[in-house]
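One structure below.
To find a chain, count down the sequence lines: A is the first, B the second, and so on, and within it residues start at 1.
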Number of protein chains: 6
Amino acid sequence: MHHSVFMEEIDAFTYREAIAAGAPIIVPVGSIEQHGPHLPLNTDVLLSRAMGERVALALGGLVAAPIVYGYKSQQRSGGGNHLAGTTSLDAATLISIARTLTLEFARHGARRLVFLNGHFENYQFLYEGVEQATAELALRGQDVSAVLASYWDFVDEDTIEEIYQGSFPGWDVEHGGVLETSLMLHLHPELVHLERVMDLPPAQLPRFDVLPVRPELTPASGCLSSAAAASERAGQTLLERTSKALAESIGAEVAA
Amino acid sequence: MHHSVFMEEIDAFTYREAIAAGAPIIVPVGSIEQHGPHLPLNTDVLLSRAMGERVALALGGLVAAPIVYGYKSQQRSGGGNHLAGTTSLDAATLISIARTLTLEFARHGARRLVFLNGHFENYQFLYEGVEQATAELALRGQDVSAVLASYWDFVDEDTIEEIYQGSFPGWDVEHGGVLETSLMLHLHPELVHLERVMDLPPAQLPRFDVLPVRPELTPASGCLSSAAAASERAGQTLLERTSKALAESIGAEVAA
Amino acid sequence: MHHSVFMEEIDAFTYREAIAAGAPIIVPVGSIEQHGPHLPLNTDVLLSRAMGERVALALGGLVAAPIVYGYKSQQRSGGGNHLAGTTSLDAATLISIARTLTLEFARHGARRLVFLNGHFENYQFLYEGVEQATAELALRGQDVSAVLASYWDFVDEDTIEEIYQGSFPGWDVEHGGVLETSLMLHLHPELVHLERVMDLPPAQLPRFDVLPVRPELTPASGCLSSAAAASERAGQTLLERTSKALAESIGAEVAA
Amino acid sequence: MHHSVFMEEIDAFTYREAIAAGAPIIVPVGSIEQHGPHLPLNTDVLLSRAMGERVALALGGLVAAPIVYGYKSQQRSGGGNHLAGTTSLDAATLISIARTLTLEFARHGARRLVFLNGHFENYQFLYEGVEQATAELALRGQDVSAVLASYWDFVDEDTIEEIYQGSFPGWDVEHGGVLETSLMLHLHPELVHLERVMDLPPAQLPRFDVLPVRPELTPASGCLSSAAAASERAGQTLLERTSKALAESIGAEVAA
Amino acid sequence: MHHSVFMEEIDAFTYREAIAAGAPIIVPVGSIEQHGPHLPLNTDVLLSRAMGERVALALGGLVAAPIVYGYKSQQRSGGGNHLAGTTSLDAATLISIARTLTLEFARHGARRLVFLNGHFENYQFLYEGVEQATAELALRGQDVSAVLASYWDFVDEDTIEEIYQGSFPGWDVEHGGVLETSLMLHLHPELVHLERVMDLPPAQLPRFDVLPVRPELTPASGCLSSAAAASERAGQTLLERTSKALAESIGAEVAA
Amino acid sequence: MHHSVFMEEIDAFTYREAIAAGAPIIVPVGSIEQHGPHLPLNTDVLLSRAMGERVALALGGLVAAPIVYGYKSQQRSGGGNHLAGTTSLDAATLISIARTLTLEFARHGARRLVFLNGHFENYQFLYEGVEQATAELALRGQDVSAVLASYWDFVDEDTIEEIYQGSFPGWDVEHGGVLETSLMLHLHPELVHLERVMDLPPAQLPRFDVLPVRPELTPASGCLSSAAAASERAGQTLLERTSKALAESIGAEVAA
């Protein structure tokens, strides 16, 4: 039977067949976070899910239901968690979610997992949760392994040059900027309001964090760089190349 | 500006306007749980979200991004957490999520929250998390209150009689049965495979739990009662009346 | 040697002999909770302990020292945790107690446990603690199982009819009402002050919870239904039939 | 109205009157722990409760329902937690119980609490829980204080000399020995089996702990010193003088 | 009185005077981690402490006792936590330490803190702990703020060029390489064994993590890049310029 | 190769050789705590580390990097945690540190550990952490054991008599007094300011704790007994005899 790659949309019997056939599970990890006046709050969920869909298709895997809420937005990568709309979990909760899902998918019989991250701040907490779970499974003698990846780490230099034309501001300030906006224009144009983009210069943030956050350091848009140069076509390019690079890069791990 | 009632689909600026205008926030709480061979794994997410949408429209509210993963399926209400496909969080994690979201929405300025539950086993853990958060907010002098409701508690006796015609098996075994299947037929017919329904007699379960679960007590379908009598029309009736009763019942609380 | 069924009253050497002979352990779980002006604060402890004694006698078991303090009283089942006298633990603590006691009795060599609940609100938290412990024991290859039961689930329809004569208000509002008061009149008449019963109509509570609790929804007595119809004789009937039904129902599990 | 000093035995209305009148609350803290072949498993609960009763009578206080299960028995003070019958909580759980009860009694309006310890190993964990709670209450501006005391610290030198006649082995090995057995003979003679006392020399334990415990270091009786010299009369003397010293010593704190 | 800038070496009375005078507190955060055959296990502690000393001297601050043990070494930045010698805490513990120290120094009266990180993997967990503490302090109305910085973020481009001469491998693989070895040669030459340096090519690590770690991906030295080009002089340059940049950069925050 | 006994000062390759050769690991546990106007804040770290060094030399062991921050100072043994300078962890954090380090050293291959305590208040929390870890290791079938010792328990009666000449105040009030000051005069004379000793009578503290602490019960010096009689020579005697007694006493355990 042909079925959706999204675990959410299939029934348990179909799911069990896919797992029994060795399908790896891709877990998209997003956030509910302000992305300026032009992008919806669940941008990170949608992008990690779309990348996950393509990786799953390439690798014969399933896309798990997403981890919707992520770790607190930090000022230097997401504007800061003081902003309304941004709705975040603390470290312990996100760690528990990552740990528990790893153990649950292992209980189902899955042997290869991929946590596909779409929100900069999540990474270390996913790592901790997955590390705890895989260590526990190894003690039990179970051969389960997990890949952790942030999708932007698979955008190659040529693509950056092609899209940003020398003005790439760095991944940490790519929040609500060209990358995310282009991808959204390609995937969910109805949710993007380009006319609301605030075309501000990139945020000037110090090389350190200060807590409590000093709100005046975040631009009025909440974005750390401008999305004015975004385009649907750049989005298509980014989606295709990045998901292809991802699938190639982690393919050997997942097939092992 | 007219906008979606789904928080996920709107941008942060629009969200802030809605909150400033006093919109209550409805948080759908579901699960990723086997629902037999005929319903998708995220049935509880879809149903709580659909009920939430109608309540939000009636009360001028917003629907938050859902809590996707829920508490462990228990044998007497969901078949048991030993079944593959069912993917659950433990108590501490779900409590933390409920507590944190309450505090985050309060930080945004929301004063009235509704946790709308679509998975039997979640309730007490949501209660604990929301209790902790509202107690903390009260200590700070903030007027924030939250309603907790499971949608099936708002199906009235007449509707039960009309739909089940005297064969209502009780809410605890309404798992993958007539209620959920009818609602899904109405809302997401493309995700329902009626031809795969296993028409088994209702599960015979003891008046106690035993742990570890004895798997032989769960019917082969994973459902606790048969969905054979489900219909799109019953689904429409259930959705309309239940969401209306919900909105009326909690309306006064939310407006206070 | 003949000995008490109460673990508390026997010495460790006698206890070890009973465990070695295969005695199941019954753990009564109560609460310290207001039960109106006519019942003592530890009513739930006394009733679960008395039920446990009879079950232990029927099944050759031991009654463990009780879990005295229980989960927070909820307004729709116990009047609410805002009331003075009600002294409760939070979820994490009760979960830990249930988990730890399961592991400790397993360490002693006990293979069958029964958590016998006498306070509505405890159930899901006991479940979580026992689930964690039995899962851990199963991973170690230990054959230990636990039954979880609330005693009122074993009161049969005929007895309800006989005692309530058609006016049964439902278990959730049976707080400080006819059931508990009758049982106490039979077991501990010196602790019951019938002349202080406040004969109020049953509480009218919504189908949802609201937090923080709205105190005005709880009757002035703190009870959710009136105990005016309680009698020592009804208590004797309830105790005998319910403990017999309990012992019969869980007997096979415990002997397995 | 004259009433019991035991919180467990009174109703909520009576309890509230006592608290309103300024009654301090004495919380007995025990354990379920092997005490050799001659004493019951709940010896520490019974003794802390009996001391608490006398202190409450002297100071116009109430005795709370006991903390029944205590911290793990340690080899140098209780024989070790490897022994069957000994049923213990871990540190986090006992800390939470102490913290929560302090907050709950403060919520009721109590201003002076006494944690009266009857199990050597509990002390530091009670301290932590009470410290957390009182610090939190102080931040809220509430004047609540708590005394922590182990009852044997109030046995004076003369009484030790009188009872042990020069053979006092030290409090740490007073486990199941003369002190506890004498007190039990006075308070609960029906639960003491003097004929089962194993009259062994005091345990020879190193000045350090080793984990896992080396079981051979604990005497076969499980007691760390012999109870052969115990007497009802010594028990009466100990109870009277110790509870009097306790009440006098903490009286000023509790009245402040 | 002239005194050491190291909190550890001064007495409490002197410490109180410094705090009363407004001294910021610099908390060095290190790790016990393998750094190849040529550097000691506490390299990260020594380097963060040395940087802290210079910052404290520049800003009139005190250096707190270090956080000695850090978060688990990750393969892509520290070789991996499977290596013997590397001795790490999990996330929850490090978060608690950062949170508690922030609250403790605030209790002392300190208003400006700096967590100066010397181990790549620590950062996000320090952030979480400090975020929790500063949020709590802000709720209490206390003006306490904290800076979080990793010292290598203050090495400027010119210095990198000067020292690495075009062969800079990136901060993530600067583990046991030129930077750390040069700094140690300058600060603690007696602890460096240059003759034991294994001059291997930089580690080739994927753009993702895989757990459990695949040990064969870490070079035999445990270092991710070669230290063969290290020199005392480069260490002096790095120490002077980096600590100066740090002090200048955070000076305004700390003085606020 | 000859190497330092301090784990901190050696490289990972040398460390692995020592572990492979069966070296026990000694973990010094201290605190950052006020010790009056004449001793530095890290006195407990320095003393436990110095004792550990001598034990390691005697037993062929290694001294781990110290646990620097310890449990909250208690008024009856350390003056109280309300005093500025005293910088403490709570119970959960210290328990986690002890548990994690035990597991980490076991992962390295170490089979015998010694936690050598230099701060009275730490003991029970170290015990809990080590108990958890060794129980977990035993379940995995690993032969790892740990000794827990406080160094002052190995000062013999003759030495006490010799040094205190009949005026020994008891270990609990030996805080900043003759013992610690003498040891510091011998080991780190440059950090002792004898001229600042406040020669006050021993603290008069009740036989119970009260929380929140009543600050007036702690002497103005913060010390619980006077250090006026301290001498370098007494320090030398104490160090030599105590470390010798320690090594002899735990030698058999560690060699097993």
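Atom CG of F:L103 is separated from atom CG of E:D90 by 9.5 Å, given to the nearest 0.5 angstrom.
No donor-acceptor distance shorter than 3.5 angstrom exists from the side chain of F:Y69 to the backbone of E:I67, with no hydrogens or angles considered. With hydrogens and angles ignored, the 3.5 Å screen pairs a side-chain donor or acceptor of F:E104 with a backbone N or O of E:S88. Side chain of E:R107 to backbone of F:N81: a donor-acceptor contact under 3.5 angstrom is found. When atom types are taken as modelled, the side chain of E:H108 and the backbone of F:T86 share a donor-acceptor pair closer than 3.5 angstrom.
Of the listed residues E:H35, E:H188, E:E8, the one with more heavy-atom pairs under 4.5 angstrom with chain F than any other is E:E8. The choice from F:A84, F:A92, F:P66 that makes the most heavy-atom pairs within less than 4.5 Å of chain E is F:A84. Among E:G222, E:A12, E:G109, the residue with the largest count of heavy-atom pairs under 4.5 Å with chain F is E:A12.
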* Can you check side chain to side chain contact (heavy atoms under 4.5 Å, CB included) on F:L41 and E:E9, steps first, answer last? -> CA-CA 6 Å; F:L41 289 165; E:E9 299 180 350; over 6 Å; no
* To do: Take E:R16 and F:Q34, measure what side chain to side chain contact (heavy atoms under 4.5 Å, CB included) needs, and give me the verdict at the end.
  => CA-CA 10 Å; E:R16 290 166 199 157; F:Q34 66 81 23; 3.8 Å; yes
* Steps toward side chain to side chain contact (heavy atoms under 4.5 Å, CB included) verdict (E:F13, F:M198) -> CA-CA 12 Å; E:F13 286 64; F:M198 294 167 73; 4.2 Å; yes
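For a residue to count as touching a neighbouring chain, one of its non-hydrogen atoms must lie under 4.5 Å from one of that chain's; by this rule F:I32 touches chain E with the side chain only. Both the backbone and the side chain of F:A64 come within less than 4.5 Å of a heavy atom of chain E. Of the two parts of F:H82, only the backbone, made up of N, CA, C and O, holds a non-hydrogen atom closer than 4.5 Å to a non-hydrogen atom of chain E. Using a 4.5 Å cut-off between heavy atoms, F:L83 touches chain E through backbone and side chain atoms alike.
The shortest non-hydrogen separation linking E:T93 to F:I97 is CG2-CG1, 3.6 Å. The two residues E:P37 and F:D11 come nearest to each other via the heavy atoms O-CG, 3.4 Å.
Considering only heavy atoms from C-beta on, F:H193 stays 4.5 Å or farther from E:I10 through its side chain.
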